[in-house]
Number of protein chains: 2
Amino acid sequence: MPGLTAVDEDDVSSAPRDGAPTADGADRPPAPGTAVPEAPAVPEATVARLPQYLRALSALAEAGSRTVSSEALAEAAGVGSAKLRKDLSHLGSYGTRGVGYDVEQLHRHIADRLGQAASWRVVIVGVGNLGHALAGYSGFASRGFTVVGLFDDDPAVIGRVVGGLRVRPLEEFGEVVGEPGSAIAVLAVPARHAQAVCDRLVAAGTRSVLNFAPTVLRVPDGVDVRKVDLASELQILAFHAQRRAAAPAHRPSAAGPRGATGAPAGPLLPHALHRVEEVV
Amino acid sequence: MPGLTAVDEDDVSSAPRDGAPTADGADRPPAPGTAVPEAPAVPEATVARLPQYLRALSALAEAGSRTVSSEALAEAAGVGSAKLRKDLSHLGSYGTRGVGYDVEQLHRHIADRLGQAASWRVVIVGVGNLGHALAGYSGFASRGFTVVGLFDDDPAVIGRVVGGLRVRPLEEFGEVVGEPGSAIAVLAVPARHAQAVCDRLVAAGTRSVLNFAPTVLRVPDGVDVRKVDLASELQILAFHAQRRAAAPAHRPSAAGPRGATGAPAGPLLPHALHRVEEVV
DNA sequence: AAGCGTTTGTGAACGCGCGCACAAAGTCGC
DNA sequence: GCGACTTTGTGCGCGCGTTCACAAACGCTT
């Protein structure tokens, strides 16, 4: 395999927006119990942006900034400043009025909220094409995630060492995940096996699943599933591309592409890049 | 490089292909006449769900169903039936009132709208960890996407053959992409190079980008960028997991898990699975 | 042909999230 | 200490998307 620098690094980033995150959907109506333990109730849309803010803050900290205005941080994260302020206010903001936000403090605060303080245990199930790549993905470690187990059912794969970890049979899954909910499972198995494997994971105490298989997973209440669907993303792009081709001339507004202003248009190609390999 | 069986599979079903090659066929229901191609204006949220519907339809077709009710299809796609009907109505629905939808016809219709009729050309930039996996991802081909080029800047990677394609230097990018907008670029390079590489791709005529790097890409108007951020997904799961840990007993409502009803709870583990390797 | 059950398509209400705009709050300069 | 400037925090209105509920449309049976 290609030797790659495991560089990783952070950056800046942001969420283009929303449009269509993954599945998502149905949120429960409120109202169950009586006394509510008092949930700060952070909107989902806000939660989805927190990682971006965190990355932007990391970059700023690395650049030496002590404080940031909502304007600057929003710019770095690619969102509107008002939205950012409102998002932060949901976390109980700690900004100073005439100054801005303390970079380090805000970073710590968001990191705490995202549970980054504790190093989350991640288990990758399905060490095939993608699972293999994920096992070697350095971006996880830098975000507080530690891959503690690789699982597969193929005898040809079991026993191999990937990214420093031995691939184990699914039967040993229970030995690796600790307390129910203490680990996040990454599902990278073929679609037709996804549900069955997911059931096993859940039975073993898994409460958080990141699903790469193009299938709708049925899980009991209390289990959180997020989906990453590569083919769907391409199909969505294809939809817009086709629409663009159909109505070439204009359609500047309407639906479609993410905003994004910048990009001085036709700048010359910035050459000096090397080692463009390691992923994301 | 891990030898993996390239098993794949996934869907199949009706042959998407048919007559009209690229260029938008005259599919539009109304408007034969004169001017405006008249954009039916399909909501973004709907577009994002079309791939799911398409998959569900593929499965149904394979299972032999001729027609489906909105109820059944919605169930298979994991959404509400009302939402599904409204979504389909945006495409100019072709359902029959007392019966439901013709599976094959609806499949063809959605596939057309997604541009699946024409086989989209996909270019992968950055053949590192993830790029390598994506190059071997068979799920693309089955959705009408053909990987026509692999690019990188690392001399150690250039020249290698991955998934039957030779990795070429970025300089040759222009030779592979055809008409502007005719290809979709998949960005799997380190975050710090993403913007620079993206600029080059756009300059070469790329109009659709799927970005795996955790960075905000600035692109000119008319360029569509979608982002897949693995670490963010984990962080969002971690947020919910932490919240759950904080208020253990309940919180069945609140934000969180995707809907999904089913899962008979604690079914015994379905054993007979083998070859759980190849990815998604 | 008429009635009945089924299922679509959609009008309308609801709720969430976004953006605007502004007052409160704090800093800096004098 | 006071005024002017800066920046946060948020109340309000708007638009999109979801959900409900129902009338119209269709097949099937009689």
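Here is the naming used below: chain letters follow the sequence lines, and residue numbers restart at 1 for every chain.
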Enquirer: Round to a whole Å and report the spacing from CG of Asp102(A) to P of dT8(D).
Expert: 13 Å
Enquirer: Counting side-chain heavy atoms from CB outward, which of dA21(D), dA21(C), dT8(C) is closest to Ala82(B)?
Expert: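 Ranking dA21(D), dA21(C), dT8(C) by closest atom to the Ala82(B) side chain puts dA21(D) first.
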Enquirer: Rounded to whole angstrom units, what separation is found between the CG atom of Leu91(A) and the C1' atom of dG9(D)?
Expert: 13 Å
Enquirer: Could you check which of dT18(D), dC18(C), dC26(D) has an atom nearest any side-chain atom of Ala45(B)?
Expert: dT18(D)
Enquirer: Any donor and acceptor pair, going by atom type alone, linking the side chain of Gln235(A) with main-chain N or O of Gln52(B) inside 3.5 Å?
Expert: no
Enquirer: Val202(B) versus Pro220(B): any side-chain heavy-atom pair under 4.5 Å?
Expert: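 Touching, per the 4.5 Å side-chain cut-off.
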Enquirer: Measure from the side chain of Arg85(B), starting at C-beta and using heavy atoms only, and say which of dG17(D), dA24(C), dT8(C) lies closest.
Expert: dT8(C)
Enquirer: Are Asp224(B) and Arg243(A) ion-paired here, with the side-chain N under 4.0 Å from a carboxylate O?
Expert: no
Enquirer: Rounded to the nearest 0.5 Å, how far apart are OG of Ser232(B) and NZ of Lys227(B)?
Expert: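 NZ of Lys227(B) is found 5.5 Å from OG of Ser232(B).
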Enquirer: Expressed in angstrom and rounded to an integer, what is the separation of Glu71(A) atom CD from dC20(C) atom P?
Expert: 11 Å
Enquirer: Assess whether a salt bridge exists between Arg218(B) and Glu75(A), defined as any Lys/Arg side-chain N lying under 4.0 Å from an Asp/Glu carboxylate O.
Expert: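 Result for this pair is yes, salt bridge flagged.
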Enquirer: Side-chain N or O of Tyr101(A) versus OP1/OP2 of dG9(D): is the shortest distance under 4.0 Å?
Expert: yes
Enquirer: I want to check one thing: is the phosphate of dT7(C), taken as OP1 and OP2, less than 4.0 Å away from some side-chain N or O of Ser70(B)?
Expert: no
Enquirer: Could you say whether Gly98(A) or Ser89(A) is positioned toward the 5' end of DNA chain D, judged by the nucleotide with the nearest heavy atom to each?
Expert: Gly98(A)
Enquirer: Glu75(A) has an atom CD; how far is it from atom P of dT7(D), in whole Å?
Expert: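 Spelled out: CD on Glu75(A) to P on dT7(D) is 15 Å.
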Enquirer: In whole angstrom, give the distance that lies between atom CG of Leu84(B) and atom C1' of dG17(D).
Expert: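 Roughly 15 Å, once rounded to whole Å.
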Enquirer: Over how many whole Å does the gap from Lys86(A) atom NZ to dC12(D) atom P extend?
Expert: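 These atoms are roughly 11 Å apart.
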Enquirer: Given dG17(D), dG9(C), dG19(C), identify the nucleotide with an atom nearest to the side chain of Lys83(A).
Expert: dG19(C)
Enquirer: Using whole Å, what does the distance between atom C1' of nucleotide dT8(C) and atom CG of Leu73(B) come to?
Expert: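 Distance, rounded to whole Å: 13 Å.
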Enquirer: If you assign Gly80(A) and Thr96(A) each to the DNA chain C nucleotide with the nearest heavy atom, which residue ends up on the more 5' nucleotide?
Expert: Gly80(A)
Enquirer: Once you round it to whole Å, what is the distance between P of dA23(C) and CZ of Arg97(A)?
Expert: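 Interatomic distance, CZ of Arg97(A) to P of dA23(C): 13 Å.
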Enquirer: Heavy atoms under 4.0 Å, any strand shown: does Gly100(B) hit a base, just sugar-phosphate, or nothing?
Expert: sugar-phosphate
